[in-house]
Amino acid sequence: MSSFAGRMKEYPYISLDRFDRENLHARAYFLSHCHKDHMKGLKGPLLKRKLKFSLTVKLYCSFVTKELLLSNPKYGFWADHIVALELESPTQISLIDEASGEKEEAVVTLLPAGHCPGSVMFLIEGAQGTVLYTGDFRLAEGDASRIEVLHSGSRVKDIQSVYLDSTFYDPRFYQIPSREACLSGIRGLVLDWLSRSTYHVVWLNCKAAYGYEYLFTNLGEEFHTQVHVNSLDMFKKMPEILAHVTTERATQIHACRHPKDEEFMRGNRLPCGSFASDGTPLKIISIKPSTMWFGERTRKTNVIVKTGSSSYRACFSFHSSYAEIRDFLSYLQPINIYPSVVPLGRTHADVTELLKPMCREVISSAVIYRPLGTLKRTRQEPTCHDVDCADWLFESGDMAPVRKRLMKLEATPTTPLGDPVHLLLSLIGCQAPEAFVDEDEKHSAQFPLPLNPISPGHVLSQAKTMLIQDGECQGEILAGIDTGWKESGSHAHQTDPSELSESQVSSDFEVPSTPESHPPGTDELIVLYKRLAAGEQVLGLNPEDRACRTKPGGPSLQD
DNA sequence: GCGATCAGGT
DNA sequence: CACACCTGATCGC
């Protein structure tokens with residue numbers, strides 16, 4: 001749950017996702033999405049009074065959020081004060097102090113957040129620098145590079161601070177199966193059940209919150225039916241969702257709710273009380289979407305877990321995993337990161353400490369001393385000082401992206417070499433980590449990395465440059481998003497998901513895909529690794545090149 | 001009577 | 001399996 005107090009250090013005149021206390025005095029308001037824990041104080045009588053006498057105070061949000069908000073009459077008084085913005089369209093706003101007339105300008109841009117319908121992140125650019133408030137988000141690895149407005153030319157914008165959804169920023173939540181993997185698991189379960197007879201029905205045990213809609217639209221589409229829900233009111237202006245939901249009970253897929261619905265289920269009844277017309281009892285299974293996570297090196301197990309004779313849990317996440325957040329942050333390299341959520345069992349200090357390695361180090365001196373490996377590196381550009389325990393394979397900073405590329409290769413069945421990380425480690429004289437690190441201890445264990453003539457970090461930064469280079473230009477950014485949330489199945493049926501890379505398949509809201517980078521072939525890899533092991537400069541690239549921050553396909557296109 | 005807050009539930 | 005929200009009790013205005 002968000003514990004963000006509503007204001008950012010750089011722009012204290014605006015309030016985001018909090019509307020009580022000091023936020024009552026804000027010059028402008030921002031609502032990232034329509035979940036109650038981000039709407040505290042939004043229907044408060046004090047705020048209502050303030051708006052009555054104000055001409056300049058506005059609430060900025062997406063069109064979908066505006067629609068969802070105003071579908072609840074309690075927020076009706078906002079109607080004339082909401083400014084809905086298109087995604088990825090920078091908009092200049094004036095922040096006016098109505099008492100003094102004092103005025104400050106800023107440019108705000110909404111970015112897709114993939115958390116629920118209408119959810120966005122806010123990019124704010126102004127005199128106090130560029131800051132990103134993420135709201136709640138689920139982005140897949142690689143998604144940040146596809147968001148055009150995070151770049152200027154082929155470079156990532158210089159971001160002062162990120163106000164981060166840190167819900168799963170904890171190595172414990174290292175990986176969460178992709179949206180597509182979860183969806184496909186659910187699809188399989190539903191198919192198996194519904195195909196038995198017309199008396200077989202499924203109940204999707206969803207919480208009272210926006211965010212399951214893409215599940216409904218995908219299942220509705222797949223099974224040529226509509227999903228039974230309690231109300232359609234909020235979706236009046238969202239034809240893509242509306243097409244797949246109904247208030248008619250006569251359907252095999254239900255997501256209806258009732259205060260005592262769990263009790264209903266135990267009595268083999270649907271929350272809506274639907275029954276078969278000829279008196280035959282319905283055969284009901286319940287599927288409860290909930291988050292499942294896996295450790296860094298854990299083989300992902302099933303995304304569906306049976307929890308009873310007729311009940312299942314299905315993997316489903318509204319938030320990015322630890323690995324996804326790291327990927328996001330290592331791409332943006334902000335100077336400051338402020339967590340807005342403290343994961344259970346941790347303190348604010350814990351999270352801040354865990355986030356430090358993801359912050360860009362602003363260096364005055366050009367020389368940095370490292371405790372292990374090659375001890376000296378020079379770098380003009382700012383760098384990540386990444387010594388996070390989860391990345392103990394390497395002692396050096398900007399390796400997070402490299403590892404991901406390598407892990408992607410690992411997962412690529414067409415790479416016949418098996419595990420490139422292990423291969424590389426054995427070539428440079430290190431033993432594979434699992435040999436002496438217990439699964440449970442892996443995050444705290446110190447990997448006894450032998451000192452080596454070559455810094456693995458250095459080696460890998462060379463390897464990385466090659467591994468990530470893209471052959472093709474990136475997909476075009478689509479503008480003017482309807483829902484701020486796109487259902488993968490309702491995309492004019494693109495490619496078979498099995499043909500897509502992990503990052504593409506899980507990126508099923510409105511962030512266009514990037515053409516897959518081409519993993520090097522076997523021969524290429526062997527040659528490369530041997531040369532790396534020998535300490536050679538494999539590519540004639542400048543080590544200072546911030547390849548990890550260069551938009552894939554960017555330079556060749558834009559420069 | 002209304003709102004805020006907390007505990008306890010799913 | 002930890003998200004988001006509901007209900008009910010209690011307190012203060």
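Every heavy atom of this structure was used, including side-chain atoms; hydrogens, water molecules and symmetry mates were not. Predicted, not measured: the structure shown is a model, and the values here were computed from it. Below, chains carry the letters A, B, ... as their sequence lines are ordered, and counting in each starts from 1.
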Q. Taking for each residue the nucleotide of DNA chain C bearing the nearest heavy atom, is the 5' side occupied by Thr307(A) or by His319(A)?
A. Thr307(A)
Q: State whether His38(A) places a side-chain N or O below 4.0 Å from either non-bridging phosphate oxygen (OP1 or OP2) of dA4(C).
A: no
Q | Side chain of Lys40(A) (C-beta onward), nearest among dC5(C), dT5(B), dC1(C) | A | dT5(B)
Q: Classify the nucleic acid contact of Asp261(A) as base, sugar-phosphate or nothing, counting any heavy atom under 4.0 Å across all strands shown.
A: nothing
(Q) Heavy atoms only, 4.0 Å cut-off, all strands: where does Phe168(A) land among base, sugar-phosphate and nothing? (A) sugar-phosphate
**Q.** Separation of dG9(B) C1' from Glu263(A) CD (nearest whole Å)
**A.** 12 Å
Q) Expressed in angstrom and rounded to an integer, what is the separation of Asn230(A) atom CG from dC5(C) atom P? A) 15 Å
Q. Can the ring centroids of Tyr212(A) and Phe316(A) be said to lie less than 6.0 angstrom from one another?
A. yes
(Q) Does the plane of the ring in His38(A) sit parallel, tilted or perpendicular to the ring in His33(A)? Use 30° and 60° as the thresholds. (A) tilted
Q: Between dA4(C), dC5(C), dT10(B), spot the one nearest the side chain of Phe318(A), thanks.
A: dA4(C)
**Q.** Proximity to the side chain of Ala208(A) - top-ranked nucleotide from dA4(C), dA2(C), dC6(C)
**A.** dC6(C)
Q. Counting any heavy atom closer than 4.0 Å, what does Met292(A) reach on the DNA or RNA strands: base, sugar-phosphate only, or nothing?
A. nothing
